[in-house]
Amino acid sequence: MAIQLIGREELKEKLDRGDNFKLVNALGEWAFRAKRIPGSIRFNTPEEATKTLGIDEEIVVYCSGLDCIASVAAYYSLVKAGYKNVRRFAGGLQEWEAAGYPLEGDMVE
């Protein structure tokens with residue numbers, strides 16, 4: 001099954017408009033605290049995610065970049081649990097930061 005993707009520009013527009021969706025950072029706690037796209041949330045376990053996220057909510061998952069598989073794992077975990085409106089921002093933090101878009105976290109200057 002092909003992963004449904006969202007591009008950087010579309011994600012930026014959704015955030016700028018204040019669209020109602022969940023932006024899930026699939027990285028570990030330390031990495032999440034260090035640097036993330038503003039408005040991101042994260043979960044410690046797949047079970048925590050499925051208890052918190054609504055089955056019909058629009059969800060975008062991301063991690064550090066193209067070579068990172070954390071968002072792939074999160075994507076498939078959600079789809080397997082029955083979530084239908086999930087997309088992956090494959091470029092992740094690397095592509096977001098390279099575009100000069102805002103970040104938040106302890107390591108952001």
Side-chain angles (χ1 to χ4, degrees):
M1 172 181 45
I3 293 179
Q4 298 300 308
L5 299 174
I6 184 171
R8 178 183 68 204
E9 299 308 318
E10 184 182 353
L11 178 58
K12 177 79 164 66
E13 289 168 8
K14 290 177 77 54
L15 288 167
D16 288 348
R17 284 193 306 262
D19 289 4
N20 184 21
F21 72 104
K22 296 293 192 284
L23 181 58
V24 178
N25 179 308
L27 297 169
E29 179 66 29
W30 181 89
F32 176 80
R33 283 197 321 267
K35 191 183 292 185
R36 64 193 169 275
I37 298 171
S40 299
I41 57 176
R42 74 168 293 278
F43 301 102
N44 291 314
T45 65
E47 295 77 24
E48 183 183 353
T50 55
K51 285 180 185 169
T52 306
L53 297 168
I55 197 83
D56 294 323
E57 284 188 287
E58 181 179 0
I59 301 164
V60 173
V61 295
Y62 75 96
C63 51
S64 61
L66 287 172
D67 295 332
C68 178
I69 63 164
S71 61
V72 174
Y75 176 91
Y76 282 122
S77 176
L78 289 167
V79 169
K80 185 178 175 189
Y83 291 79
K84 306 268 187 256
N85 199 2
V86 183
R87 292 195 284 172
R88 176 182 182 231
F89 172 43
L93 286 170
Q94 291 169 348
E95 188 178 317
W96 191 262
E97 189 169 18
Y101 291 157
L103 291 164
E104 61 185 16
D106 298 342
M107 302 296 286
V108 176
E109 296 178 11

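Just the heavy atoms: all of them, side chains too, but no hydrogens, waters or symmetry mates, feed the values below.
Side-chain atoms of Trp96 come within 3.5 Å of backbone N or O of Pro102 as a donor-acceptor pair. A donor-acceptor pair under 3.5 Å is formed between the side chain of Tyr83 and the backbone N or O of Thr50. Proximity of a side-chain donor or acceptor of Glu48 to a complementary backbone N or O of Asn44 within less than 3.5 Å is detected. When atom types are taken as modelled, the side chain of Tyr75 and the backbone of Leu5 share no donor-acceptor pair closer than 3.5 angstrom. Looking at Ser77, its side chain never comes within 3.5 Å of a backbone N or O of Ala73 through a donor-acceptor pair.
In terms of heavy atoms, Gly39 sits closest to Glu104 at N-OE2, 3.5 Å. Here the closest heavy-atom approach between residue Thr52 and residue Glu57 is recorded as O-OE1, 4.4 Å. Nearest heavy atom pair, residue Arg88 against residue Ser71, reads NE-OG, 2.6 Å. Contact record, Val108 with Leu103: CG1-O, 3.6 Å, taken as the closest heavy-atom pair. Heavy atoms only, all atoms of each residue included: Ala81 and Ile55 are closest at O-CD1, 3.7 Å.
The CD atom of Glu58 lies 10.5 Å from the NZ atom of Lys22; values are rounded to the nearest 0.5 Å. Atom-to-atom distance recorded for Asp56:CG and Ile59:CD1 is 9.5 Å, nearest 0.5 angstrom. Taken to the nearest 0.5 Å, the CG atom of Leu23 stands 8.0 Å off from the CD1 atom of Ile41. Distance CG/Leu27 to CD/Glu29: 11.0 Å, rounded to 0.5 Å. Note that CD1 of Ile37 is 11.0 Å distant from NZ of Lys12, once rounded to the nearest 0.5 Å. One distance of note links CG of Asp106 with CZ of Phe32; it measures 10.5 Å at 0.5 Å rounding.
Between Tyr62 and Phe89, the angle of the ring planes lies from 30° to 60°, which puts this pair in the tilted group.
Under a cut-off of 6.0 angstrom, the local environment of CG in Asp67 is sparse, with at most 12 non-hydrogen atoms contributed by other residues, nucleotides or ligands. The local environment of CD1 in Ile69 is sparse, with at most 12 non-hydrogen atoms from other residues, nucleotides or ligands closer than 6.0 Å.
Put simply, the side chain of Glu97 reaches to within 4.5 Å of the side chain of Lys35, judged on heavy atoms.
When hydrophobic clusters are built by joining Ile, Leu, Val, Met, Phe, Trp and Tyr residues whose side-chain heavy atoms come closer than 4.5 Å, directly or via intermediates, Leu93 is grouped together with Leu15. In the hydrophobic clustering of ILVMFWY residues, with side-chain heavy atoms under 4.5 Å counting as a link, Val79 and Phe43 come out together.
Among the candidates Leu11, Val61, Val86, the single residue satisfying the side chain to side chain contact (heavy atoms under 4.5 Å, CB included) test with Ile6 is Leu11.
For Lys14 and Glu10, the salt-bridge test fails: no basic side-chain N is under 4.0 Å from an acidic carboxylate O.
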